[in-house]
Structures are given as C-alpha cells and as structure tokens.
**Student:** 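Quick one: structure below, then a few questions.
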Amino acid sequence: MVRNLVSMESVSKRYPGVLALDKARFDLRPGEVHALVGENGAGKSTLVKILSGIATADSGEILLEGKPLHLDGPRSAQDLGISIIHQELNLMPDLTIAQNIFIGREPRKLKFILNDSGLAAEVSKLFKQLHLELDPNRKVQGLSVAQQQMVEITKALSFNSKVLIMDEPTAALTNNEINKLFTVIRGLKAKGVGIIYISHRLEELKQISDRITVMRDGKYVDTLDTKEAAVDKIISMMVGRTLFQESPHIPSTTKQPVVLEVRNLNNGRFVKNISFKLYKGEILGFAGLVGAGRTEVLRTIFGADRLVSGEIFINNQKVEIHTPQDALKHGIGYLSEDRKQLALALSLDIEANTVLGVYKKFAKFGLTVNKKIQVAAERQVKNLSIRTPTTKQRVGNLSGGNQQKVAIGKWLTTDSRIIIFDEPTRGIDVGAKSEINKLMNDLIEQGKSIIMISSELPEILRMSHRILVMCEGRITGELLNKEANQESIMAFATMRN
Amino acid sequence: MQNRGFSRSLKIRSDALQRVLAFGSLVIMIIFFSFASENFLTIPNINGILLAATVNGVLALGATFVIITGGIDLSVGTMMTVSAVATGIIITNWELPIWLGIIVGIVTGTSGGAFNGVLIARLKIPPFIATLGTLYIAKGLALVASGLKPIYFNDTPRFNEIAMGTIVPVLEIPNIVLIFFFVAYLAHLLLTKTTFGRYTFALGSNEEAARLSGVNVNMWKIWVYVFAGATAGLAGVLISARLNSAQPSLGMGYELEAIAAVVIGGTSLRGGEGKIIGTVIGALVISTLTNGLRVLSVPQEWQTVVTGAIVILAVYLDIVRRRREAVASARQTTGDK
C-alpha cells in the first residue's frame with residue numbers, strides 16, 4: 001500500500017448560515033489524479049481551500065506525508081509543496097510571465113534589490129520540462145486562458161509542488177488545449193506529483209483520473225476507482241435521493257399560443273445558436289451547471305448584453321431589442337441573479353423601486369405624482385405580502401426574500417407579460433423560497449409566462465412545465481416535466497460536444 | 001493563432017504609441033513655440049521651464065507609485081504645504097540648523113503618507129476619501145502651525161541656495177532642477193529594480209493574485225503611500241527653499257497637477273502600468289505648455305484651460321487604447337474556439 005501524500009479526516013467548516021463541510025474526508029496518493037466531483041455547493045471548493053491554506057478548517061485532521069499539516073496562509077502551503085490553480089486564474093496581467101511565477105520570492109541582492117538576471121533562464125528551464133514554448137519575458141496580458149494555465153502550472157512546478165490542485169482546469173479550453181493539458185498532467189504524474197482534479201465534466205474524468213471522490217452537501221459520499229465508475233452511477237451519487245417529492249399538478253401548456261420565440265441567438269462570445277419557444281402561461285426552466293451560459297442567453301434577450309445575430313419574436317412579431325428599455329417596452333421583465341446588479345436600487349425605498357423604469361406612467365408634466373406611486377407600491381406590498389413597516393422603507397434594509405418580492409412587484413407594475421427569473425431563490429430561506437415559488441404559480445395563472453434559471457434541480461423539477469438544459473453555451477436537451485429527473489438533466493448538462 | 005499575433009502586434013503598437021505620444025507632443029510643442037517666439041528657446045527660458053516642472057514633478061513621482069497601484073492621493077498638495085511650514089518653524093522660528101529643518105519637513109510628509117496608508121490598507125477607506133480627508137487635515141494644520149502667516153527664510157540665505165544656487169556652473173541650471181532629476185532617477189530605480197516596485201505593479205495589476213501568492217499586500221500598500229508622503233515632504237522643502245518662504249495658503253490644486261503629469265506621462269489610472277520617465281515628461285509637458293503660452297502672451301486664465309484640455313485628451317487616448325486591447329483579447333478568446 002502506497003503511503004498517502006495527503007489525508008484529510010472528518011474535516012468540518014462552517015460559514016455563517018451554512019455548514020460547508022460536514023466531517024468530510026479525502027486522500028491523495030503520489031502520482032495519481034484524484035477527481036473531486038459534486039454539485040455546486042457540495043463542498044469541493046471549501047475542501048481544497050482548506051488544503052491550500054486559503055481557509056482554515058474548524059475541526060478535523062489533515063496530514064501531509066503522514067505529518068500533521070498546519071498552514072497560515074496560501075504561501076505556507078506553497079512552501080510545503082501544495083499549489084492550487086484556481087478556476088479564475090490568478091495572474092497579474094501587467095507583469096511578465098517570469099515575474100508572475102516568482103512573485104513574492106524574487107531572487108534578490110541585499111533584501112530589496114531585485115536580481116532578475118537569472119529569472120528568464122530559470123523559467124525557460126521549467127518550460128522545457130513541460131515542453132512549452134513561451135517567452136518568459138512576455139507580459140501575461142494577451143495570453144490565452146490555456147497559456148495562462150500553463151504559466152500557473154509552471155509556477156506550481158517551481159515550488160517543487162508535491163500536491164497540485166486544479167479547479168475546473170478545462171472550463172475555458174478547446175479540445176486541442178485540453179489534450180495538451182492532459183499530456184502535461186500525465187508528465188507530472190510520472191514525476192510522482194499527486195493531483196486533485198475538480199471538474200463537472202464527467203466524461204473527461206474517465207480519460208484523466210485514477211480515482212473519483214463524490215461529495216454532496218458538504219459530506220463525503222464515496223470514492224470509486226475510475227475504471228469501475230459508470231457516469232450514471234456518479235451522477236446519482238452526486239444528486240442523491242430527491243428531497244422534494246412534492247410534485248404539483250403541472251398542466252400541459254403546449255396548446256397555448258407562443259408568446260416568445262428565439263431563433264439562432266448568438267452573443268458573439270460564448271452563447272451559440274440558441275432557439276426555443278415560450279408558451280403562454282408556462283414556466284420554462286433553464287437548467288445547467290454554473291457557467292453553462294444560461295444567464296448570458298437571457299441577458300441577451302433582455303437587451304442587457306449585445307445580440308450579435310439571431311431573431312426574437314414576441315407574439316409572432318419580430319422585435320428588435322437592444323437595451324433593457326426595449327425589452328421593457330415589449331413586456332419582458334428580468335429578475336437578475338444578483339439582485340443588486342440589474343433589478344433593485346438598494347439605497348432607494350420600495351416606492352421608488354416599484355416604479356423604477358416606468359416613471360412616465362406616474363408623472364404629470366414631467367413631475368412624479370407621489371400619491372399614485374405610493375398607491376402602486378402599497379398594492380404590491382399587499383399582493384406579494386412583502387413584510388415591511390411602510391412603503392418608504394429602503395430596500396437595502398429588507399431581507400433577501402422580501403427584496404426579491406419588491407423586484408417581482410416592480411415587473412408587475414410595468415405590466416410585464418414575460419418575466420425572466422434568474423436564480424430567484426438563491427440565498428433566501430426556505431420559507432421565502434416557497435412563497436416565491438407560489439407567487440410564480442400565481443403569475444402564470446394570471447396568464448403571464450415565466451422563464452426560470454435555477455441551479456437547484458429540485459426547484460427546476462418542481463416548478464417547470466418544460467426544461468431546457470444548457471452546456472457550454474448550447475442547448476443540449478429539452479425535457480417535459482413528466483419525463484425529466486435529476487439524472488436525465490445532469491446527463492444533458494454534462495454533454496460536451 | 002492569427003488573432004493572437006494580431007493582438008500582440010497591436011499591443012506593441014499601442015504601447016509604443018503611448019510612450020512616444022507624451023515625448024512626441026513635448027517635442028512638437030518645443031518646435032512650435034520656438035518658431036512662434038524667439039524668446040522661447042533661450043537658456044534662461046529653458047531653465048524657467050525646468051524650474052517650473054520641479055515641484056510638481058517631485059510630487060508626481062510619488063503619485064506615479066500610488067496610481068500604479070490603482071489608488072489616488074489627493075493630499076500631496078497640502079501635505080507639501082504642511083511640510084514647508086514645518087521646515088520654516090524649525091529653521092526660522094526656532095533657529096535650528098537647516099539640515100534639521102529639511103529632515104523635519106521630509107519626515108512630516110512621510111508621516112502624513114503613513115497616516116494615509118493605514119487609513120487605506122488597514123481601515124479599508126477608499127483612497128479617494130481617505131486622502132481627501134487628509135488634504136483638509138493637512139491644510140488646516142498648516143494654517144494653525146504657521147499662525148496664518150508666511151514664514152520667511154531671510155536670516156538663512158543658504159537655505160534658498162539649496163534650490164536656486166548653481167552647483168554646476170555651466171548653463172546656470174538651478175540646483176532644484178538637478179535635485180528633481182536625481183530623485184526621479186532614484187524613483188525609477190525603486191520602481192524597476194526593487195521588490196517594492198515589483199509589488200507596486202502587482203498590487204495594481206491583480207491585488208488578489210498578489211495576496212494569494214503570499215505578498216503582504218497591506219504592508220506594501222502602506223509603503224506606497226509613505227513614499228508619496230515622502231515626496232510631498234521633499235516638495236515642501238524644495239518649494240519653501242525656492243520661494244524663500246513657507247506659504248501656508250499654498251498647496252491646493254498641486255495634487256491635481258501632479259496627477260495630470262502622471263496621466264499625461266502614460267500611467268494608467270486603472271493601475272498596473274506606468275513609468276517614471278513618462279511622469280517626468282508629463283511634468284515637462286505641463287510646464288512647457290504654460291511657459292510657451294506665456295511667452296506668446298496668452299493670458300494665464302487660458303493657460304489653465306489648455307492644461308485641462310490636455311489632461312482630458314491624455315486620458316481619452318488611454319481609454320481608446322484600452323478599448324482596442326479589450327476588443328483584441330475578446331476576439332482572441334472566441335477566435336480560438
């Protein structure tokens with residue numbers, strides 16, 4: 001039996017309001033690629049943050065080569081041979097490759113004077129080991145994501161890392177670049193480096209990993225040998241048993257008229273050839289992993305992002321939407337993922353937020369009629385049972401769930417017929433969550449139509465009449481509620497081309 | 001691959017453009033004013049231009065570091081004043097040695113910088129607000145300490161010599177000009193050859209990345225403001241030596257002129273890049289322009305208007321350049337797919 005490079009036992013970590021890790025365990029052998037998988041929020045990131053010194057565990061035991069590991073910051077982890085490559089690469093674009101690799105430990109004369117002369121040669125030597133051809137004196141700015149990743153790997157190598165953690169390394173790479181990355185990873189393996197590999201792309205793990213550990217809700221589920229692990233099995237372990245069995249009677253809506261149709265939408269970057277229809281009185285769920293491009297699609301439809309090509313039809317009429325104002329005019333409302341960003345002005349009161357965007361309706365000769373605004377706001381507070389002492393309350397002082405209701409009230413005031421909900425219940429408590437879900441059902445009963453993005457599969461399954469699944473900027477599947485389950489959605493959500 | 005090559009060549013072009021731009025406009029200005037007036041290209045006038053660039057230039061050296069980190073320091077103008085007053089109190093009021101006055105002046109500015117640094121790095125007050133507060137504190141202290149009256153150095157003529165004497169007799173270049181160039185050279189070394197300089201760029205380029213790489217970002221940020229304070233202290237000594245008096249009501253507006261010099265010199269307000277040589281040229285551009293317009297008998301009010309226009313133009317060119325870079329790199333990321 002090979003001695004473990006790393007072993008973590010019953011590691012727990014609590015963040016305010018959430019137990020991110022609940023007695024999790026993990027181990028890593030030298031020269032293996034050990035994949036770590038799980039849904040968003042399963043605790044993978046927290047686990048590797050603890051191992052790389054970015055966060056500290058509340059309890060548990062961590063051993064590095066059999067010895068207890070004590071870290072005080074990311075640098076001490078690096079010095080002990082543990083390096084992490086984050087999904088958002090952490091390089092300084094204005095510095096050169098060599099300067100980036102040696103940041104914080106530059107060769108010096110007299111403590112403060114830089115001695116850069118040997119730097120480039122040192123980096124070239126490391127590049128040669130990885131069979132890379134890059135100029136160490138080039139600035140990082142302008143390097144492709146793949147190249148930047150190679151710089152990070154080189155940096156890890158320069159610390160003589162024994163443990164290399166990679167968080168979604170292939171998320172932004174082309175197939176060609178992925179193959180190159182895998183070659184480099186295999187080279188590191190041969191040197192005895194242990195690699196912790198976090199990825200949502202289960203097919204990819206088959207190619208590169210030796211073992212797979214599944215996590216769910218901050219807990220360790222199981223570790224499998226990759227050879228014996230079937231993708232279906234991993235998926236069912238990831239999502240676990242369905243907690244929400246309640247399945248409301250969801251009527252079929254395809255007999256209804258089409259209120260919104262999108263044809264071949266492209267945003268010129270990530271989102272490719274999106275086509276779909278939305279029926280009157282329907283909740284259309286957009287499922288997929290974080291970063292699949294769902295928000296981008298709907299922001300483009302709402303006019304918040306640029307539409308490069310494609311057509312949008314509302315009630316079978318072709319419309320041009322270039323700005324959120326255009327979308328508003330055509331009766332489309334958007335509740336953003338980040339409530340602060342698009343939907344609400346937190347420093348203003350409920351009244352101001354309710355009529356934001358439709359001030360004209362409440363104005364006479366260019367002056368707002370405050371009485372009318374107050375009446376409209378009070379109506380929404382009552383309808384949506386927003387818990388607030390008065391309509392003069394600043395929205396920033398309300399709870400998350402109530403803020404979300406104010407945002408909904410705003411779109412109701414604008415008479416939106418199509419409302420886009422982007423992660424409507426993220427970060428709000430269960431009570432408010434069910435209230436908002438009920439509200440959405442009320443809205444469709446009034447004949448409005450809803451598009452809902454949610455990363456919570458139970459919510460998608462509970463609420464949607466139809467489900468579109470996206471992966472990497474494309475729609476990879478469409479399911480009716482009755483034929484959908486977590487497994488079938490996850491299969492589409494991880495379907496790479 | 002083609003796109004990548006494209007973006008690289010574009011980058012080189014735009015970098016070179018920015019570098020040449022400030023210098024080129026300086027040359028063009030000199031040529032223009034030389035033809036416009038025969039009084040322009042004379043040794044006394046050139047010395048006048050250099051002289052006018054010195055105090056602002058010294059302030060701008062510190063401001064360059066601050067701006068490269070992505071911060072801003074609005075307090076250097078009045079910090080200069082309070083340092084000048086401190087020097088005056090030591091030398092004139094207390095009749096202590098000149099060297100002590102100089103040290104106290106520089107230390108005054110330096111401690112003000114440390115105060116800024118702590119506010120910004122430890123208390124996380126945004127640089128704009130923190131240094132705006134310090135601006136007023138320093139202005140008030142200068143007035144209080146001086147009793148609202150200028151302090152003259154009439155009993156110590158050697159103090160004025162430090163700025164206006166000529167150690168090097170050729171061309172009659174005042175010492176203050178040589179001091180400016182010398183300090184600029186030191187600042188250049190500091191920025192390019194030391195860990196302090198490296199981390200200054202790192203902070204402005206991606207502070208989080210620097211932190212995760214084990215760089216003590218708070219400490220270095222404090223040092224950056226300490227350095228800016230030190231240059232303000234030095235500027236205070238120099239301006240009082242040059243004027244032979246410490247003027248407590250002077251100073252407001254100097255911070256903006258220093259920022260203008262930095263920006264004209266091609267240092268980006270976004271942070272992450274900048275050069276001392278650019279700042280020196282930026283300071284010279286401002287003083288040449290002011291001087292040339294004066295030689296052409298353009299009223300002072302209009303000189304100020306033109307300076308403002310130049311600042312806007314310089315920042316606009318910076319924005320255009322960035323936009324082009326952003327487009328190029330966006331094309332690259334999608335083009336590769």
Side-chain angles (χ1 to χ4, degrees), chain A residues 52-54 72-79 83-84 86 88-96 99-116 135 138-147 152 155 159 172-177 266-270 272 308 472-473, chain B residues 1 3-12 14-15 68-70 189-217 220 223 267-268 270-275 322 324-337:
Chain A
S52 57
I54 298 167
D72 53 347
R75 184 60 199 282
S76 71
Q78 284 175 335
D79 288 338
S83 286
I84 181 166
H86 298 270
E88 324 76 44
L89 297 169
N90 267 304
L91 295 171
M92 286 147 281
D94 300 298
L95 302 191
T96 68
Q99 289 170 354
N100 262 285
I101 287 174
F102 284 97
I103 190 78
R105 55 194 174 109
E106 295 80 1
R108 302 159 195 194
K109 304 177 250 200
L110 304 170
K111 200 151 186 253
F112 291 114
I113 314 289
L114 294 169
N115 183 7
D116 280 350
D135 175 5
R138 215 184 128 178
K139 277 191 183 183
V140 164
Q141 195 167 49
L143 292 182
S144 72
V145 175
Q147 289 170 322
E152 293 246 33
K155 185 174 169 183
F159 275 101
L173 301 193
T174 63
N175 282 330
N176 231 338
E177 291 166 338
N266 288 286
N267 74 352
R269 304 194 88 179
F270 187 54
K272 291 173 223 85
V308 168
E472 305 198 324
Chain B
M1 270 341 237
N3 284 321
R4 200 167 301 154
F6 167 72
S7 79
R8 193 204 287 202
S9 70
L10 181 124
K11 185 157 169 33
I12 289 166
S14 61
D15 259 14
I68 290 173
T69 65
L189 292 180
L190 201 58
L191 190 60
T192 55
K193 303 284 182 213
T194 68
T195 49
F196 175 61
R198 180 67 46 82
Y199 298 149
T200 301
F201 284 108
L203 283 176
S205 196
N206 186 345
E207 189 176 324
E208 179 64 6
R211 195 180 67 80
L212 291 177
S213 303
V215 175
N216 188 344
V217 292
W220 291 110
W223 277 114
T267 295
S268 163
R270 182 207 58 137
E273 58 183 340
K275 287 201 168 65
R322 292 209 174 283
R324 280 209 265 154
E325 267 174 31
V327 168
S329 71
R331 245 183 236 155
Q332 177 189 320
T333 39
T334 48
D336 275 354
K337 288 233 155 145

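From a predicted model like this one, the values you see are computed outputs, not experimental measurements. Chain letters run A, B, ... following the sequence lines, proteins first and then strands; every chain starts at 1.
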**Student:** With a 4.5 angstrom heavy-atom cut-off, is it the side chain or the backbone of K111(A) that approaches chain B, or both, or neither?
**Tutor:** backbone
**Student:** Using a cut-off of under 4.5 Å on heavy-atom pairs, state which of E106(A), R75(A), Q78(A), M92(A) scores highest against chain B.
**Tutor:** M92(A)
**Student:** Please evaluate residues S213(B) and R105(A) with respect to the criterion side-chain contact (heavy atoms from CB on, under 4.5 Å), reporting the C-alpha separation (whole Å), side-chain torsions for both, the decisive distance (0.1 Å), and the verdict.
**Tutor:** CA-CA 9 Å; S213(B) 303; R105(A) 55 194 174 109; over 6 Å; no
**Student:** Look at A209(B), A202(B), S205(B), G204(B) and state which one has the largest set of heavy-atom pairs under 4.5 Å with chain A.
**Tutor:** S205(B)
**Student:** Where does D116(A) contact chain B at under 4.5 Å (heavy atoms): side chain, backbone, both or neither?
**Tutor:** side chain
**Student:** For atom CH2 of W223(B), is the number of surrounding heavy atoms from other residues, nucleotides or ligands below 6.0 Å larger than 12?
**Tutor:** no
**Student:** Are H86(A) and E208(B) packed together at the side-chain level, in the sense that at least one heavy-atom pair is separated by less than 4.5 angstrom?
**Tutor:** no
**Student:** Identify the residue among R198(B), R270(B), K275(B) that makes a salt bridge (charged side-chain N to carboxylate O under 4.0 Å, His left out) with D94(A).
**Tutor:** R270(B)
**Student:** Compare every heavy atom of T192(B) with every heavy atom of L114(A), then report the nearest pair and how far apart it is.
**Tutor:** CD1-O, 4.0 Å
**Student:** In Å, rounded to the nearest 0.5 Å, how long is the span from OG1 of T195(B) to CZ of F112(A)?
**Tutor:** 5.5 Å
**Student:** Tell me, with the steps shown, if L212(B) and I54(A) meet side-chain contact (heavy atoms from CB on, under 4.5 Å).
**Tutor:** CA-CA 8 Å; L212(B) 291 177; I54(A) 298 167; 4.1 Å; yes
**Student:** Rounded to the nearest 0.5 Å, how far does CD1 of I103(A) lie from CZ of F201(B)?
**Tutor:** 11.5 Å
